Structure formats: C-alpha cells, structure tokens
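Working notes, beginning with the structure itself.
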Amino acid sequence: MTTLHLLGFPRIGAKRELKTLLENYWKNEIDEAALLGGARELRQRHWLLQKGAGVELSPVGDFSLYDHVLDAQLLVGAIPPRFGFDAAKLSTEQYFQLARGNAGQPALEMTKWFDTNYHYLVPEWHADTAFQAQPERLLAQVREAQALGLRAKPVLLGPLSLLWLGKAKNAGLDKLSLLPALLQAYRDVLAALAAAKVDWVQIDEPILALDLPPEWLAAFEPAYRQLQDSPLRLLLATYFGSVAEHAELLQRLPVAGLHLDLVRAPLQLAAFADGWPQDKVLSAGVIDGRNIWRADLSRVLASLQPLAADLGERLWIAPSCSLLHTPFDLAAETQLDVDVKTWLAFAVQKLNELKVLKRGVEQGREAIANELAGSDYARQQRAASPLIHRPEVQQRLATLPADADRRHNAYPVRAAAQQAWLKLPLLPTTTIGSFPQTASIRGARAAFKRGELPADAYRQAMQQEIELAIRRQEALDIDVLVHGEAERNDMVEYFGEQLSGFVFTAGGWVQSYGSRCVKPPILFGDVARPQPMTVEWAEYAQSLTSRPVKGMLTGPVTILQWSFVRDDLPRGEVCRQIALALNDEVRNLETAGIRVIQIDEPAIREGLPLKRADRAAYLDWAGEAFRLSCHGVADATQIHTHMCYSEFGDILPAIAALDADVITIETSRSDMELLQDFGHFRYPNAIGPGVYDIHSPRVPPEAEIQQLLEKALQVIEPEKLWVNPDCGLKTRGWPEVEAALSSMVKVSKTLRRRLAQEADATV
C-alpha cells in the first residue's frame, strides 16, 4: 500500500477563522481560553478533513498561532534574552510579544520564508544561547490528534535549518558552534515524542535546496547520527528546489525516509530512484503546494508507476511542500468564471488529487479512468482557450526597441532636475503609501462591491478619506505626501482587478504572517491595461495641496510574485507583459502632473532563485521589467521604489541596476544592519531606510528613531538620505500612526538643523 501524507496544511481556516480569533484576542474582545479553544477546534477540524480525504499520517505541529519558526525556537527554549522571558513558563501574551513587540522591546525581525510570500520570525543567536527542550505544546497537539483516532506525524523544523535561518548577534559568532547544544534539545524532544507513542516524525531541512557552505553540508551526517538513537522513524523533508547534488549524502543519512519536491525539481528524481536504500521510504512530492493549477494526473501517474514498481510500500505520495501556501477550498468560489474554475485546485482539491493518484498507483489506470479523462480535458480546454491569448500584447513585447528599459540620463542629471522643482530639505520625510484602513473605509468599499453604494457616493467617500490623509500629513509637516490608498483592498489585488488576464476569488486567502492574510490574484492570461487605474485618485489628492503627492503603483515583479501565475509561459515573459501595462499608467500619471511616482517592488528579493546558478537570468528579466514600467518618463519625474524584509547584500548590483531615483527599505527590525550592505557597496542613488517597524503597534520613542538615523548617516550622504517608516501603514490605527510620524518628523528636523550647523562651521 502507498502511504498518503501531508507536509502541512493551511492554518487560517476556510473563512479565516484563525485571523478572527487572533485579532479579537489582541483587541481584548475574547480571552485566552476562547483563543486557545477556537484554535484547537480549527486544528481538529482540519485533521478530520484530511482523514476523510485518505491522509494516513496527520501532520501535527504545522498549526501555529503566529509562525512555525517562532514555535521551533520555543520548542528548544531559544527565546531571545532581551525579552527577559522564561521559556518554560512562557505565557500566551508573552508569545505574541515576541512576534509583535512590547513597550520595552521591538519584535523579532521578520523576513521571507525562502522564495515565498510567507514571513517568518528570525531567531537570534548569541554565543551563550542556551537550549532546553520545551515539548509540552507539541505534545498537547499530539494527544489531541491521538484522541481523534489519528496517526500523528509531528512536524519539526530541522536543527540545521533552524540555525541557518537565525542571525548571529555576536560579532564573529559561528552559528554552527551552537549545534551540539541544540542537538541535545532535539534529542530530548524526540524522546518525549517517542514516549507519547509517536512512530514517525517529519524533520524539515529546506536549506538543503540552497547553495550551502561545505561546513554546513558536512554537519548533516554527524548531526543526524546523534538523533538516530531515538526509536522514532525520521522522515527528512526537503522542498522548494533540487537536492540532487546531495543524493549520496542523503542516502547515507540515518533517517527512515526522504521527501523530495518533484514539482519544483522533477529531474532530481533520477538521482534517487535507482538504488534507493531498501530500508528507506521515498516520499514523492507530486502535487504543487505553491500554485493553484490542477495537476496533470496522467503525467503524474506515469511518473509514479515505475517508482511504485520498484519501491512498493516504501513509496509515499504527498504535495511538494506544505499546503500553507495555497487557498483552502475551491468549492466556495461560486462567482469564478466557469472555464477558469475547471483549471484550478485549492488545498481541499489537492487532497482529492492525492487520493485519486494513490488509487491509481495501487489499482492501475483503469481504476481512475474517469478522473484521468477529466484532468486531460481540463488541460486541453485551458491550452486552447481564447481567454488566455491576446495577440496585441504579444506583438507589443516582440517589437520593443532595444533601449526601451533605459532612462534618458544618469541619476546625477535626473536628481538635479528633480530637486530644481521639488526644492526638498535635507532628510526629506515621506511615507510608504498606505494609511489606516478604518472600519468606515472597509465598510464603504464592501458596500460598493455589493452594489449597495452607488459609484458617485463611493467616490465621494473615498475623496473624503483622501482629504483626511492629506490634511493629517500636512499637519505633521511631511514633505512628500501620499493619498493614503483608501480605495485599495490589497496592493496587488487592486491592480489585478483592473488588468486583463486576471481573475479573483472570494475566499482564496493565504497566510502572509500572523493574522495577516492575502488573496492572490490568479494570473491566467496575457496582461493589458484597459483604462487608467490610479490617475483619478492621485489627481484629486494633488489638487488638495501644494506639496508633491506620490503616485503609488505596485511593481511588475511584485504583482507576478504575489499572484498565482500561469504555468504555460516563462515567468520573465509574463512579468514584461505586466511592466508594459504599468508603463501605460506611469505615463498617464506623469501627463496628469504627478511627477513623483513610487513603483513598489517588495518581492524582488523573494523571487530570487534559491540556487546561485539560476539567479543571473532572473535578475536580468526582473530588472528589465522594473525599468520597462517607467520607460520614457522625463528626467524631472522622480521614480521611487520600496522593498521590505529582504537580504539585499548579495544582489545589490542588481538593485542598483533598477536605477530608481529613491529606494526605501525596511531596516528598523534589523537595527539598520541591512544598511551596512548599501554602505559597503556605495549605492549610487538616494535611500530611505525605514526608521520604525510598522508591523508592531509599538510607537517608537524619538531617541530610538534618532539612533537609527545616526547610523544611517554613517553610510549615506545626507543629500541622499530620506526618512520614512518601514512599510505602509494600512494595518495600524490613526493614533499610533500620528504619534510615530510626529516623532519621525521631529527627529528629521533636529538632524537637519545639526547638519546645517556643521556645514556652516566648515565654511
């Protein structure tokens, strides 16, 4: 018999129940017991759903109240000492303070989980970091699953991946020096799980898909030999890329099984299939855990049948990775285009695909002939659909001039032309784009979408919100304003709704971090812009003030990365299509008198291939797409971009090649650490390092903002330094936003005066 299992499942629930629980708890509308009880009910509902679909080993520990990497830190007692918390007695409130900060400490740094749009909380490693197993939370979930009659398979983030994903907080600290103590904590966790009558444990080591240094690779075999004395059987899970180059190592490891991502890297199977050890399971990740297209069941079954003949019961089948990255259930989508819907599979549908494949492997193609025919028909219909192909879009791409992605002049010339009309002071202040999405804003937008609010009334409501944002920014004395994005539901969805080639779901939510969920558009066809998308709102905002107002667009790479993207064209080609559609908008904004335009690209680092050999090609087309989006604008039009929660050090030449006049970046959670890379590289254009973390409700004191800006001034010339928050402010409330921005402006003015005095003293 072939075993069907999952690496993980969406946590948020079919109707974002986890989000509701968390936010009600944070607002003190429910107590801790209600939060934990609701989470338990949701978790158990998911397990029973999986059991009904034929899942034989239920993942336990993949459910988290905030983040699975934070949970991994707690499992081994590795709480940052700066919080002063006792890991053994950590309360629910303290757990959330680690994630969201408190009055005394900023939250743990947040960054992207490999090349996904999920954010994890970065561990902090010190030379004296102590580890002590704290398995009770995990054991409680194991007992829950067992009480339901399920065969529990705990899911752990592997020790080497946990170390790698953290940051050394002591200069010169070798993170691998912490491995021996960490392994003892893992051994204690495994012993506790064995005592709980668990037989299989999944240990995720996704860093194996990276280009690891030799010393890290060499650490795997001795590390797992230290874990082998447990009676448990370990399934080592890899995903997001090929691990073929490590085949010999992985065959030697003292684990009972290995999981491979055969969607991202199908060719790697050849390195493992022949001569796979007789005592090991091979888990084939054949259903896409990262996208929403139906599987080609005929092709997948054809790849599984020879494996089944060779491996027999040692073949397991699974999604490529955790289904955390997919929406919950397609059945709830009653308004989707009927044709497009037949091409899709969400998490629940992927469970059914696995169930069908298991039956096909065990009973032959004839047993699933109807399902195979349905899959084949859907693929054929999609390939031939007139919904997908727009010849005029393809022709426009094919006839672009060779220099279409280049500005007229170099940055110094442009900067002078921009300052001639902007007349900005040193350390100009701005924000990243959005302001609080209040209940009145959300209510008006929802009523408009339901047809309950006429278009004129909706436009008036949004104009009132825009005027409120402009007046508050003027009162704060911010230099370059934004309209606040009241009309936007999401920075990608808003644009996708107005571009051809996209469709949208009603409930296709996926978790980004904590309670933050996004509803990615489905990019299924050629992309074009039928009409202006933002010009009306930007023009109105500019009419209210003499200060410059930024036009706000989401960039082509981010729209691509944060959508579920068609898999029938190269991603670079799809991205260029988006860029040309955005260029039409940029040109219209410029014509309308909006001469500061921000094209956000927070996902550009996220899209970087995990293997270095694949990166140059990606950076070439990603950079070209960004430059195409602002092709043809005048030198005096100032182009901004924004990037957040990314490590840029290894791709700074490509970031500089975007040639944005101003780049704003997240730096506050990392204490301006990221800025050192920009300083060493001598980034040529202007930079706005974020001076406070908007993902926490904490209002930073002026002294903290000043300290960060002082660090920035050590590596950035004052003439090129902008002052801004880390990211947009849509998730915050107005009182904290105004308090934080007031401090930011005051500090900027203080430093301006000091810099002017220093300049006068040198004359």
Side-chain angles (χ1 to χ4, degrees), residues 112 117 405-407 410-411 414-415 418 422 428-434 480 482 485 491-492 494-495 534 538 548-562 575-576 578-583 585-587 589-590 594-608 618-633 635 637-648 651-667 674-675 677-678 681 683-690 694 716 720-728:
K112 295 295 179 70
N117 188 31
D405 65 328
R406 300 294 169 180
R407 298 286 296 272
Y411 170 74
R414 303 197 309 263
Q418 292 156 18
L422 280 167
T429 54
T430 191
T431 64
I432 302 306
S434 61
V480 176
V482 297
E485 302 181 12
M491 65 183 293
V492 173
Y494 175 80
F495 290 96
T534 67
V549 174
K550 285 192 285 189
M552 300 299 305
L553 305 176
T554 301
V557 179
T558 298
I559 290 177
L560 181 89
Q561 283 295 128
W562 291 358
C575 198
R576 292 184 189 97
I578 302 169
L580 292 181
L582 291 174
N583 184 242
E585 187 73 11
V586 169
R587 297 289 195 97
L589 284 168
E590 186 180 49
I594 307 301
R595 300 166 68 196
V596 180
I597 302 172
Q598 183 169 308
I599 305 171
D600 287 341
E601 285 291 20
I604 199 163
R605 178 62 171 80
E606 169 191 316
L608 193 70
Y618 162 77
L619 290 170
D620 282 348
W621 63 252
E624 180 191 359
F626 178 86
R627 294 188 299 271
L628 280 175
S629 68
C630 49
H631 163 64
V633 300
D635 287 347
T637 297
Q638 189 175 76
I639 299 296
H640 290 229
T641 191
H642 171 66
M643 300 178 186
C644 56
Y645 297 111
S646 294
E647 301 291 345
F648 296 122
I651 61 166
L652 273 176
I655 300 299
L658 298 179
D659 202 22
D661 298 303
V662 182
I663 178 174
T664 53
I665 52 174
E666 176 276 325
T667 52
L674 175 60
L675 208 56
D677 291 330
F678 282 83
F681 175 71
Y683 185 76
N685 301 3
I687 308 178
I694 65 88
I716 302 173
K720 294 182 177 181
L721 179 60
W722 285 64
V723 182
N724 45 263
D726 268 349
C727 202

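The basis for the numbers below is simple: all heavy atoms, side chains too, and nothing from hydrogens, waters or symmetry mates. Treat the numbers as computed from the prediction; the structure is a model and nothing was measured.
Annotation for Tyr683 and Ala656: closest pair CE1-CA, 3.7 Å, computed over non-hydrogen atoms. When all heavy atoms are compared, the tightest approach of Cys575 to Trp621 is CB-CZ3, 3.6 Å. Taking every heavy atom of both residues into account, Met552 and Gly433 meet most closely at CE-CA, 3.6 Å. Of all the heavy atoms in Ile578 and Pro556, the pair that sits closest is CG2-CA, 3.8 Å. In plain terms, the two heavy atoms of Leu422 and Pro548 that are nearest each other are CD2-CG, 3.7 Å.
Between Cys727 atom SG and Ile694 atom CD1 the span is 5.0 Å, to the nearest 0.5 Å. Distance check, rounded to the nearest 0.5 Å: CZ of Arg587 to SG of Cys630 gives 10.0 Å. Atom NZ of Lys112 and atom CG of Leu608 lie 12.5 Å apart (nearest 0.5 Å). Separating the CD1 atom in Ile597 from the CD atom in Glu585 is a distance of 9.0 Å, to the nearest 0.5 Å. Expressed to the nearest 0.5 Å, how far CG of Leu658 lies from CD1 of Ile663 amounts to 7.0 Å. Residue Tyr494 holds its OH atom at 9.5 Å from CG of Leu553, rounded to the nearest 0.5 Å.
Checked by atom type and distance alone, the side chain of Lys720 pairs as donor or acceptor with a backbone atom of Pro684 at under 3.5 Å. Without hydrogens or angle criteria, Thr429 side chain to Val723 main chain gives no donor-acceptor distance under 3.5 Å. Distance alone, capped at 3.5 Å, is enough to place a donor-acceptor pair between the Gln418 side chain and the Asp635 backbone. Remark: side-chain polar atoms of Thr664 are paired, donor with acceptor, to backbone N or O of Thr641 under 3.5 angstrom. In this structure, Thr554 contributes its side chain and Met491 its backbone to a donor-acceptor pair below 3.5 Å. The closest donor-acceptor contact from the side chain of Asn724 to the backbone of Gly688 lies under 3.5 Å. Remark: the backbone N or O of Ala657 is paired with a side-chain donor or acceptor of Arg627 at under 3.5 angstrom. No side-chain donor-acceptor contact under 3.5 Å links Arg605 to the backbone of Ile651. No donor-acceptor distance shorter than 3.5 angstrom exists from the side chain of Thr558 to the backbone of Gly555, with no hydrogens or angles considered. The closest donor-acceptor contact from the side chain of Glu601 to the backbone of Val557 lies under 3.5 Å.
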Original post:
Under the side chain to side chain contact (heavy atoms under 4.5 Å, CB included) criterion, do Asn685 and Asp659 qualify, and how do the steps go?
Top reply: CA-CA 8 Å; Asn685 301 3; Asp659 202 22; 3.4 Å; yes
**OP:** Evaluate salt bridge (Lys or Arg N to Asp or Glu O under 4.0 Å) for Arg595 paired with Glu590, printing each intermediate quantity in order.
**Re:** CA-CA 6 Å; Arg595 300 166 68 196; Glu590 186 180 49; over 6 Å; no
Original post:
Does the salt bridge (Lys or Arg N to Asp or Glu O under 4.0 Å) test come out yes or no for Asp405 and Arg576, once each step is laid out?
Top reply: CA-CA 11 Å; Asp405 65 328; Arg576 292 184 189 97; over 6 Å; no
**OP:** Check the pair Ile639, Ile599 against side chain to side chain contact (heavy atoms under 4.5 Å, CB included), reporting the backbone distance first and the verdict last.
**Re:** CA-CA 7 Å; Ile639 299 296; Ile599 305 171; 4.2 Å; yes
**OP:** Would you please test Thr430 and Trp722 for side chain to side chain contact (heavy atoms under 4.5 Å, CB included) and show each step?
**Re:** CA-CA 8 Å; Thr430 191; Trp722 285 64; 3.8 Å; yes
**OP:** Could you go through the side chain to side chain contact (heavy atoms under 4.5 Å, CB included) check for Leu582 and Leu628 one step at a time?
**Re:** CA-CA 9 Å; Leu582 291 174; Leu628 280 175; over 6 Å; no
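Contact of the Trp562 side chain with the Pro602 side chain is registered, since non-hydrogen atoms from C-beta on lie closer than 4.5 Å. Taking the side chain as every heavy atom from C-beta outward, Ile604 and Ile655 approach each other to under 4.5 Å. Using a 4.5 Å heavy-atom cutoff, the side chains of Lys550 and His640 are in contact.
A side-chain donor-acceptor contact under 3.5 Å links Asp600 and Gln598.
We find that Asp661 and Arg407 are joined by a salt bridge, their nearest charged nitrogen and carboxylate oxygen being less than 4.0 Å apart.
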